Amino acid sequence: MKILVTGGAGYIGSHTCVALLEHGWDVVAVDNLLNSSRESIKRVERITGGRIHFYQIDILNKPALANIFRQHKIDAVIHFAGLKAVGESVEIPFQYYHNNITGTLILLDVMKENNVRHLVFSSSATVYGDPDRLPIQEDSRLCATNPYGRTKLFIEEILKDIHSSDNSWNFALLRYFNPVGAHETGQIGEDPLGPPNNLLPYIAQVAVGRMPHLNIFGNDYDTPDGTGIRDYIHVVDLADGHLKALSKIFTNPGIAVYNLGSGRGHSVMEMLHAFEKACEKKIPFKIAPRRPGDVASCYADPSKAEKELGWKALKSIDDMCKDTWNWQRINPNGYK
Ligand code: NAD
Ligand code: UFG
C-alpha cells in the first residue's frame, strides 16, 4: 500500500509516518513546512531505517499536488495538513478557512481525478464545543466555538455530503482528544513555533528553562481540584489509531467517525505532578485567570474505536510525561 500523508512533517504526521513505515507501507509525505521542519522527516527515516518520498508543497497548489498523484499510485490519504491554533484562528479566520477548507477541497478534487477514494481525516474533540454529556460519545451534540473548530466541523459536513452524493468514497473522521508525548527515542516530538499554547509543551519548556513558570488557567472550575480536566492521549497510540482507521476504510464502510482518546480525564494539577515525577524537578506555577473559551472537563468515550477498529490507548500519563521530557531534554530547542 502507498499512503499519501499531508502535513507529514508535523507533530502527529511524523509519528504516523513512523507507524506506517514500521507497518511496511510506502509513504509519500507533503508539507509546506509552515509549522514544521524537514529535519523531522530525516529523523523518521533514521528511526525506521525506511525512506519517505517527501515533497515540500502547499496543498493549496493544485498542479503541484496533482503532479504527486501522477508520480505515485496512491491507495489512500491521511490528511493532517492544517492550521491548528485556536487563538490565532480568531485573529486570522480568513487564513484558517482558506487553508483548512479550501486545502481539503483541492485535495479531494485531485483524489477524485485520480480515482483515490479513501481518506482518513484529522478532526478534533473541539467539534463538541462545551460537551452536553460526559464521557463524550460520537453522537453527542456538535458545536464548535471558534474558527479553527468550525473548519473541522465544516470539513466533517463536507465529507458527509460528498459521501451521500457518491458512496464510492470512504472516510474515517478521527476526533482526537489531547495529543501529547513523543516517540520513545526522543528523536521526534512536538516543536511549537513561539510560546506553546498547549499544556504539556508549556510545562516541558518550563522544565528545560525556556519559560520561567506555568500559568494555570483557573483553579475554580467545578472539578475535584478546581483545574481543567482533559483526556490526554499519547501520540504513539494516536498514530496506531490511524493505521487501524486505514484498515477499516479499506473495508469500504462509507463514513466512519471515531473518538480517539483514552477515556480518562486528568486535571492540570495531575499533569503537572506527573511531569515533575518524570523530570525530577519542581515546576514553578502561578494561578492565572481562566482562558476564554476553555471548558471545565472534556473526555472521550472511546469504546466505538475499540469495538470497530480494535484500537485502544495503551500508554499512561506517566509514559506521556516521560517521553515528552525525554524529547525536550535531548532537543531543548526542538529541531533547531
Ligand atoms: P502540526 O502543525 O504539527 O502539523 C500540521 C502540518 O501541516 C504542519 O507540518 C504544517 O506545516 C502543515 N501544513 C499546514 N497547512 C498546510 C498546507 N496548506 N499545505 C501543506 N502543508 C500544510 O499539527 P499536528 O498537531 O500534527 O496536527 C495535525 C492535524 O491534527 C491538524 O489538522 C490538527 O488540526 C489536527 N488536530 C491536532 C490536535 C493537537 O492538539 N495537536 C488536536 C486535534 C486535531
Ligand atoms: N492550560 C493551562 N496553562 C497553559 C496551557 C493550558 O492551565 O499554559 C490548561 C487549559 O486551561 C486546559 C488544559 O490545560 O484546562 C489543556 O489545555 P490545552 O491548551 O493543552 O488543550 P485544550 O483542551 O484547550 O485544546 C486542545 C487543542 C485544541 C483542540 C482541543 C480538543 O489545543 O486544538 O484540545 O481536541 F481543539
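All values reported here derive from a predicted model rather than from experimental measurement. Each residue takes its place number in the sequence, starting with 1. Atom set for the values below is all heavy atoms of this structure, side chains included, hydrogens, waters and symmetry mates excluded.
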Chemist: Which value, rounded to the nearest 0.5 Å, describes the distance between I249 atom CD1 and N252 atom CG?
Modeler: 9.0 Å
Chemist: Under a 4.5 Å cut-off applied to non-hydrogen side-chain atoms, are R329 and V208 in contact?
Modeler: no
Chemist: Backbone N or O of D130 within a donor-acceptor pair of the R141 side chain at under 3.5 Å?
Modeler: yes
Chemist: Mind telling me whether W325 and F275 have parallel, tilted or perpendicular rings, with 30° and 60° as the class edges?
Modeler: perpendicular
Chemist: Please report the shortest heavy-atom distance between F54 and L33, naming the atom on each side.
Modeler: CZ-CD2, 3.8 Å
Chemist: Below 4.0 angstrom, N of the basic side chain to O of the carboxylate: do K312 and D237 qualify?
Modeler: no
Chemist: Using salt bridge (charged side-chain N to carboxylate O under 4.0 Å, His left out), reason through K282 and E276 one step at a time and then give a plain yes or no.
Modeler: CA-CA 6 Å; K282 278 279 172 207; E276 288 180 332; 3.6 Å; yes
Chemist: Quick check: Y11 with W327 (ring centres under 6.0 Å apart)?
Modeler: no
Chemist: Between N219 (side chain only) and D225 (backbone N and O only), is there a donor and an acceptor less than 3.5 Å apart?
Modeler: no
Chemist: In sequence, state the C-alpha distance, the side-chain angles, and the governing distance for D240 and K244, and then conclude on salt bridge (charged side-chain N to carboxylate O under 4.0 Å, His left out).
Modeler: CA-CA 6 Å; D240 178 50; K244 300 274 174 19; 3.1 Å; yes
Chemist: Mark yes or no for whether Q328, through its side chain, and P332, through its backbone, hold a donor-acceptor pair below 3.5 Å.
Modeler: yes
Chemist: Can you tell which of W169, F171, F250 makes a ring-ring contact (aromatic ring centres under 6.0 Å, His included) with H118?
Modeler: F250
Chemist: Taking all non-hydrogen atoms of both residues, which atom of H234 and which atom of A182 are closest, and how far apart?
Modeler: CE1-O, 3.2 Å
Chemist: Would you tell me whether H72 and Y55 have side-chain atoms, one donor and one acceptor, within less than 3.5 Å of each other?
Modeler: yes
Chemist: Applying salt bridge (charged side-chain N to carboxylate O under 4.0 Å, His left out) to K73 and D26, what does each step give before you reach the verdict?
Modeler: CA-CA 10 Å; K73 201 195 154 314; D26 266 357; over 6 Å; no
Chemist: Is it true that the side chains of Q95 and H98 contain a donor and an acceptor less than 3.5 Å apart?
Modeler: no
Chemist: So E138 and K307, salt bridge (charged side-chain N to carboxylate O under 4.0 Å, His left out) or not? Walk me through it.
Modeler: CA-CA 13 Å; E138 286 81 354; K307 191 161 157 250; over 6 Å; no
Chemist: Checking S262 against D231: is there a side-chain donor and acceptor pair closer than 3.5 Å?
Modeler: yes
Chemist: So does I52 get a backbone contact from the side chain of E45, meaning a donor-acceptor N/O pair under 3.5 Å?
Modeler: yes
Chemist: Does the side chain of Y176 come under 3.5 Å of the side chain of S122 through a donor N or O and an acceptor N or O?
Modeler: yes
Chemist: Are H53 and V27 side-chain neighbours, meaning at least one heavy-atom pair lies under 4.5 Å?
Modeler: no
Chemist: Decide, yes or no, whether a salt bridge links D31 with R38 under the criterion of side-chain N to carboxylate O below 4.0 Å.
Modeler: no
Chemist: Any donor and acceptor pair, going by atom type alone, linking the side chain of E88 with main-chain N or O of A85 inside 3.5 Å?
Modeler: no
Chemist: Compare every heavy atom of I136 with every heavy atom of C298, then report the nearest pair and how far apart it is.
Modeler: SG-CD1, 3.8 Å
Chemist: How many angstroms lie between CD1 in I317 and NE2 in H273, if you round to the nearest 0.5 Å?
Modeler: 10.5 Å
Chemist: Taking atom types as modelled, find out whether N178 and Y299 have a side-chain donor-acceptor pair closer than 3.5 angstrom.
Modeler: no
Chemist: Side-chain contact, heavy-atom cut-off 4.5 Å: L134 with S297?
Modeler: yes
Chemist: Take the angle between the ring planes of H15 and H183 and call it parallel below 30°, perpendicular above 60°, tilted in between.
Modeler: tilted
Chemist: Before you tell me yes or no, could you show the steps for L199 and L214 under side-chain contact (heavy atoms from CB on, under 4.5 Å), namely the whole-Å CA-CA distance, both residues' side-chain angles and the distance that decides it to 0.1 Å?
Modeler: CA-CA 9 Å; L199 180 65; L214 171 73; 4.0 Å; yes
Chemist: Under 3.5 Å, is there a donor-acceptor pair between the N331 and R43 side chains?
Modeler: yes
Chemist: Is the shortest distance from a Lys or Arg side-chain nitrogen in D109 or K62 to a carboxylate oxygen in the other one below 4.0 Å?
Modeler: yes
Chemist: Atom CG in L246, atom CG in L20: separation rounded to 0.5 Å?
Modeler: 6.5 Å
Chemist: Say whether, by atom type as modelled, one donor and one acceptor occur between the side chain of D319 and the main chain of S316 under 3.5 angstrom.
Modeler: yes
Chemist: Tell me the closest heavy-atom pair linking P179 and F177, and the distance in Å.
Modeler: CD-O, 3.0 Å
Chemist: So if I apply the ring-ring contact (aromatic ring centres under 6.0 Å, His included) rule between H242 and each of W311, F80, W25, which one comes out positive?
Modeler: F80
Chemist: Less than 3.5 Å apart, any donor N or O on the side chain of R46 or Q187 sitting next to an acceptor on the other?
Modeler: yes
Chemist: In terms of side-chain heavy atoms, does D161 have a donor or acceptor partner in S164 at a distance below 3.5 Å?
Modeler: no
Chemist: Assess whether atom NZ of K281 is packed by more than 12 heavy atoms of other residues, nucleotides or ligands within 6.0 Å.
Modeler: yes
Chemist: Taking side chain as C-beta onward, heavy atoms only, is K304 less than 4.5 Å from N259?
Modeler: no
Chemist: Does any N or O in the side chain of T48 come within less than 3.5 Å of the main-chain N or O of V18, such that one atom is a donor and the other an acceptor?
Modeler: no
Chemist: Taking all atoms of both residues into account, what is the closest heavy-atom pair of A81 and G7, and its distance?
Modeler: CB-N, 3.7 Å
Chemist: Are side-chain N/O atoms of D301 and S303 paired as donor and acceptor at under 3.5 Å?
Modeler: yes
Chemist: Checking R175 against Y258: charged group under 6.0 Å from the ring centre and within 45 degrees of the axis?
Modeler: no
Chemist: Please answer whether the main-chain N or O of S168 pairs with a side-chain N or O of D166 as donor and acceptor at a distance below 3.5 Å.
Modeler: yes
Chemist: Is it true that I41 and I47 fall in one hydrophobic cluster, defined by side-chain heavy atoms closer than 4.5 Å?
Modeler: yes
Chemist: Would you compute the distance between atom CD of E156 and atom OG1 of T151 and round it to the nearest 0.5 angstrom?
Modeler: 10.5 Å
Chemist: Quick one: closest heavy-atom pair of A296 and T223, and the distance?
Modeler: O-CG2, 4.0 Å
Chemist: Do the side-chain N and O atoms of R150 and Y96 include a donor-acceptor pair separated by under 3.5 angstrom?
Modeler: no
Chemist: Please confirm whether the backbone N or O of K2 pairs with a side-chain atom of D75, one donor and one acceptor, at under 3.5 Å?
Modeler: yes
Chemist: Salt bridge check: are K322 and D318 linked by an N-O gap of less than 4.0 Å?
Modeler: no
Chemist: Given the rule in the side-chain contact (heavy atoms from CB on, under 4.5 Å) test, do R51 and L21 qualify, once you have shown the distances and angles that lead to the verdict?
Modeler: CA-CA 8 Å; R51 156 124 214 277; L21 289 170; over 6 Å; no
Chemist: Any donor-acceptor pair under 3.5 Å linking the side chain of N198 with the backbone of P201?
Modeler: no
Chemist: Looking at K336, I'd like to know if its NZ atom is crowded, meaning that more than 12 non-hydrogen atoms belonging to other residues, nucleotides or ligands lie closer than 6.0 Å.
Modeler: yes
Chemist: Going through the checks in order, is the side-chain contact (heavy atoms from CB on, under 4.5 Å) test met by L65 and I106?
Modeler: CA-CA 9 Å; L65 198 56; I106 289 171; 4.2 Å; yes
Chemist: In Å and rounded to the nearest 0.5 Å, what is the CD1 to OG1 distance from I59 to T102?
Modeler: 9.5 Å
Chemist: Atom CD in E113, atom CZ in F69: separation rounded to 0.5 Å?
Modeler: 10.0 Å
